[in-house]
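Basis for what follows: all heavy atoms, side chains included, without hydrogens, waters or symmetry-related copies. Note that this is a predicted model, so its numbers are computed, not measured.
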Amino acid sequence: LQADAERLHALRKELKQLRYRSEIFAPLFKRREVRVYASVLSRLQDVLGELNDSASAHDVLRASGGMRRHGAGKRARKIIHAALTAREDDARSKLSHRLEKLLRAAPFWR
């Protein structure tokens with residue numbers, strides 16, 4: 001999934017609203033089913049949060065153009081960039097898994 005950071009963040013906000021609404025209506029349904037569904041939503045939100053944090057950190061790194069572009073500053077930027085990229089790759093692989101779990105999850109309101 002190669003969606004841009006803004007679209008993923010918008011998805012995260014929509015999922016948050018769905019989770020909150022699920023919790024509001026929880027007393028009308030089987031407690032365990034609501035908890036399971038809310039948990040799937042929450043874990044997906046967490047991964048989307050990791051991606052948003054990574055995108056924000058990349059933005060900060062790009063904006064820090066005032067750092068020296070040679071020597072220790074350049075090496076530090078490369079190390080930070082590599083760490084952020086690894087974190088983002090890990091989150092993207094989790095994202096696919098979490099999206100599949102959501103698609104397989106039985107909505108409790110059915």
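Within the 4.5 Å cutoff, side-chain heavy atoms of E88 are placed close to those of H58. Put simply, the side chain of L15 does not reach to within 4.5 Å of the side chain of Y20, judged on heavy atoms. Between R77 and L61, the closest side-chain pair of non-hydrogen atoms falls below 4.5 Å. R12 places none of its side-chain heavy atoms less than 4.5 Å from the side chain of V47. With contacts defined as side-chain heavy-atom distances shorter than 4.5 Å, the pair N52/L8 does not qualify.
Cluster annotation: F25 is connected to Y37 through the hydrophobic network of ILVMFWY side chains, with a link wherever side-chain heavy atoms come within less than 4.5 Å. Cluster membership for V40 and I24, using ILVMFWY side-chain heavy atoms within less than 4.5 angstrom, is shared. With hydrophobic clusters built from ILVMFWY side chains whose heavy atoms lie under 4.5 angstrom apart, V60 does not share a cluster with I79. The cluster map of Ile, Leu, Val, Met, Phe, Trp and Tyr, joined by side-chain heavy atoms under 4.5 Å apart, puts L103 and W109 in different clusters.
Environment of CZ in R104: crowded, with over 12 heavy atoms of neighbouring residues, nucleotides or ligands closer than 6.0 Å. Around atom CD of E6, no more than 12 heavy atoms belonging to other residues, nucleotides or ligands sit under 6.0 Å away.
Of the possible donor and acceptor atoms, none in the side chain of S54 sits under 3.5 Å from a partner among the backbone N and O of E50.
Applying the ring-ring contact (aromatic ring centres under 6.0 Å, His included) rule to F29 yields the partners F108; only residues at least two apart in sequence or on another chain are considered. In this view, R35 satisfies the salt bridge (charged side-chain N to carboxylate O under 4.0 Å, His left out) rule with no residue, not counting sequence neighbours.
In this structure, NZ on K94 lies 12.0 Å from CG on L48, to the nearest 0.5 angstrom. To the nearest 0.5 Å, the span separating OG on S96 from NZ on K101 amounts to 14.0 Å. Here CD1 of I80 is found 11.5 Å from OG1 of T85. Values are rounded to the nearest 0.5 Å.
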Query raised in the report: Do D59 and R62 pass the salt bridge (Lys or Arg N to Asp or Glu O under 4.0 Å) test, and can you show the C-alpha distance, the side-chain angles, and the key distance before you say yes or no?
Result: CA-CA 5 Å; D59 289 346; R62 279 190 291 276; 2.5 Å; yes

Query raised in the report: How far apart are the C-alpha atoms of H9 and L51, what are their side-chain angles, what is the distance that settles it, and do they pass the side-chain contact (heavy atoms from CB on, under 4.5 Å) test?
Result: CA-CA 8 Å; H9 185 63; L51 286 168; over 6 Å; no

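Contact detail for A38 and R19: the closest heavy-atom pair is O-CD, 3.7 Å.
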